[in-house]
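Convention: sequence-line order gives letters A, B, ...; per-chain numbering from 1.
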There are 2 protein chains.
Amino acid sequence: MAEPKSRARRGVERSEILDAAFNLFASTGEQGFSIRKLAAALGVDPMTVLHHFGSKEELLRAIADRALRDIEMPVSTSDWQSDLKAVANAYRTLAHRHPLVFPLHFRYNATGPTDHISSEVVYCALRQAGLADADVAGLGLAFYAFVLGFALAEAEGLLRPIGPSDEAELEGLEPETYKATRSLIPALKTLDPDAAFDNSINVFILGVAALAAGRPESASHKSKVGFATH
Amino acid sequence: MAEPKSRARRGVERSEILDAAFNLFASTGEQGFSIRKLAAALGVDPMTVLHHFGSKEELLRAIADRALRDIEMPVSTSDWQSDLKAVANAYRTLAHRHPLVFPLHFRYNATGPTDHISSEVVYCALRQAGLADADVAGLGLAFYAFVLGFALAEAEGLLRPIGPSDEAELEGLEPETYKATRSLIPALKTLDPDAAFDNSINVFILGVAALAAGRPESASHKSKVGFATH
DNA sequence: GAGTATTCTCTACAGTGTAGAAGTCAAGGG
DNA sequence: CCCTTGACTTCTACACTGTAGAGAATACTC
């Protein structure tokens with residue numbers, strides 16, 4: 001996988017292509033992206049691109065991975081709560097920085113975080129919180145679904161105060177059946193994305209803490225070792 | 001939008017096409033789906049399809065919407081916790097029933113729940129939990145990101161006990177930096193999807209409850225009316 | 001019936017990803 | 001030096017995509 005046996009300008013070319021691909025995708029999104037356009041931008045034959053990356057699928061995967069290079073993942077500390085917040089914020093930063101690439105990252109990495117570095121931090125944090133192994137495994141995934149889903153929604157422009165057109169749509173709903181929705185319109189108009197995000201992570205953290213407190217001392221499962229905090 | 005002014009067999013044809021489109025998509029996924037294949041299956045010209053649905057994009061949207069028809073959305077009760085669980089389970093059921101269509105639903109509806117019926121239930125539940133309007137608005141979105149992201153991960157096959165190949169990959173990680181991940185392997189091998197899902201929703205609920213408890217009496221915002229439970 | 005609105009089909013075009021053959025060039029051995 | 005070898009690039013070609021535009025077919029109103 002890594003690098004078969006390079007010759008000529010193999011290594012250079014590949015990263016060059018990847019950079020160009022990333023930039024093209026980042027500026028035009030999936031719609032405007034094609035191997036042929038990329039090749040044209042590079043002044044190269046389309047098949048050259050396909051020679052370095054076996055297929056479009058692989059190229060997209062590489063783009064999604066490359067996105068991670070632009071953010072720095074936190075490392076574990078002794079404070080699991082701020083560790084989780086740090087990881088969450090790292091992904092949110094990614095979504096902010098490359099909103100068009102983020103859906104790609106989501107597609108390939110929500111479905112299995114290849115990104116072991118950050119999941120290590122998450123697992124570690126959940127352990128520190130006092131959860132049993134089985135809970136850690138399940139909630140680790142939940143944390144990803146949560147954070148990535150949220151960041152995706154934000155990248156796609158949902159997590160903004162609603163505009164006049166949305167408001168009009170909500171106003172048009174049946175008052176009887178949509179009481180709560182309609183009365184929330186003012187709050188939706190003044191929604192603060194940062195606050196909403198922080199708040200949501202907080203809810204997760206509070207929930208984890210409550211769960212840990214409710215199952216005292218954990219270790220009800222056959223976890224190999226104690227593996228305390230650090 | 002609804003139906004301009006039908007004539008001939010407009011209504012019939014359209015739903016017929018939509019059904020066929022849904023079935024095709026549900027059985028072959030996005031890869032195997034194309035307007036031309038759909039038309040061929042219907043024994044009709046591709047352009048006919050495009051005449052009823054203005055573009056492929058619109059057709060996909062219609063398919064995503066149609067998916068919701070196959071699940072029944074709960075209505076609000078006096079128990080906000082089980083209301084949230086019910087909504088979450090409804091989407092999970094959807095993901096289970098049509099795993100190939102679910103990503104589509106996610107793409108179009110994670111980015112703005114057109115699905116007002118279920119969000120009404122969610123908003124109502126969060127209100128009942130005792131949250132202020134601003135929190136309700138933000139956490140409503142968080143709930144969706146959470147549930148949909150989780151269900152998506154499951155639909156795409158992530159939320160399963162890891163197999164031998166994944167295990168091998170994890171075993172290959174550096175023992176020093178990936179302590180937590182590696183020691184979680186046994187738990188990941190015996191992961192129970194149902195339990196993980198329930199557990200995750202529980203964490204959300206526990207967190208909401210804790211947040212509500214921490215900000216006593218809410219109503220710090222200019223919410224129009226008291227709008228109690230029902 | 002005639003006229004008209006509506007739906008369907010045909011043809012055509014600009015794109016797409018990619019298989020396979022052919023070309024191009026650098027390095028190494030005779 | 002030439003000639004083979006092998007990686008890298010390009011050319012050509014194919015099957016396939018969504019969809020614009022003109023035309024043919026159909027049904028409805030009068």
Given atom [atom1] of [X] and atom [atom2] of [N], what is their separation to the nearest angstrom?
{"X": "E30(B)", "N": "dG18(D)", "atom1": "CD", "atom2": "P", "answer": "11 Å"}
{"X": "H52(B)", "N": "dT9(C)", "atom1": "NE2", "atom2": "C1'", "answer": "12 Å"}
{"X": "I17(B)", "N": "dT7(C)", "atom1": "CD1", "atom2": "P", "answer": "11 Å"}
{"X": "K56(A)", "N": "dG15(C)", "atom1": "NZ", "atom2": "P", "answer": "15 Å"}
{"X": "F53(B)", "N": "dT7(C)", "atom1": "CZ", "atom2": "P", "answer": "13 Å"}
{"X": "E13(B)", "N": "dT6(C)", "atom1": "CD", "atom2": "P", "answer": "17 Å"}

**OP:** Using the test ring-ring contact (aromatic ring centres under 6.0 Å, His included), find all partners of Y178(B) that sit at least two apart in sequence or belong to another chain.
**Re:** none
Original post:
Residues in ring-ring contact (aromatic ring centres under 6.0 Å, His included) with F197(A), at least two apart?
Top reply: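 Counting only residues at least two positions away or on another chain, F197(A) forms a ring-ring contact (aromatic ring centres under 6.0 Å, His included) with F150(A).
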**OP:** Take the angle between the ring planes of F204(A) and F143(A) and call it parallel below 30°, perpendicular above 60°, tilted in between.
**Re:** tilted
Original post:
By a strict heavy-atom criterion of less than 4.0 Å, which residues belonging to residues 31-50 of chain B are in contact with DNA chain D?
Top reply: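 Those residues whose heavy atoms fall under 4.0 Å from DNA chain D, taken from residues 31-50 of chain B in numerical order, are S34(B), I35(B), R36(B), K37(B), M47(B), L50(B).
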Original post:
Heavy-atom contacts under 4.0 Å between residues 20-28 of chain A and DNA chain D, which residues?
Top reply: none
**OP:** Compare side-chain N and O positions of H51(A) against OP1 and OP2 of dT10(D) and report whether any pair is under 4.0 Å apart.
**Re:** no
Original post:
Do M73(A) and V121(A) pass the side chain to side chain contact (heavy atoms under 4.5 Å, CB included) test, and can you show the C-alpha distance, the side-chain angles, and the key distance before you say yes or no?
Top reply: CA-CA 9 Å; M73(A) 274 301 163; V121(A) 177; over 6 Å; no
Original post:
With the threshold set at 4.0 Å, does a side-chain nitrogen-carboxylate oxygen contact exist between R69(A) and D65(A)?
Top reply: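 Salt bridge between R69(A) and D65(A), a charged N being under 4.0 Å from a carboxylate O: no.
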Original post:
Under 6.0 Å between the ring centres of F22(B) and H98(B)?
Top reply: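 So the answer is yes for these two rings.
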Tabulate below the donor-acceptor pairs under 3.5 Å that side-chain atoms of residues 30-37 of chain A make, not counting sequence neighbours, or state none.
from   : atom 1 : to      : atom 2 : distance (Å)
E30(A) : OE1    : R107(A) : NH2    : 2.5
E30(A) : OE2    : R107(A) : NH2    : 3.4
S34(A) : OG     : R36(A)  : N      : 3.4
S34(A) : OG     : K37(A)  : N      : 3.1
K37(A) : NZ     : G32(A)  : O      : 3.4

**OP:** Using the salt bridge (charged side-chain N to carboxylate O under 4.0 Å, His left out) rule, collect all pairs that involve residues 186-205 of chain A, keeping only residues at least two apart or in two chains.
**Re:**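 Sorted result for residues 186-205 of chain A: R92(A)-D194(A), E167(A)-K189(A).
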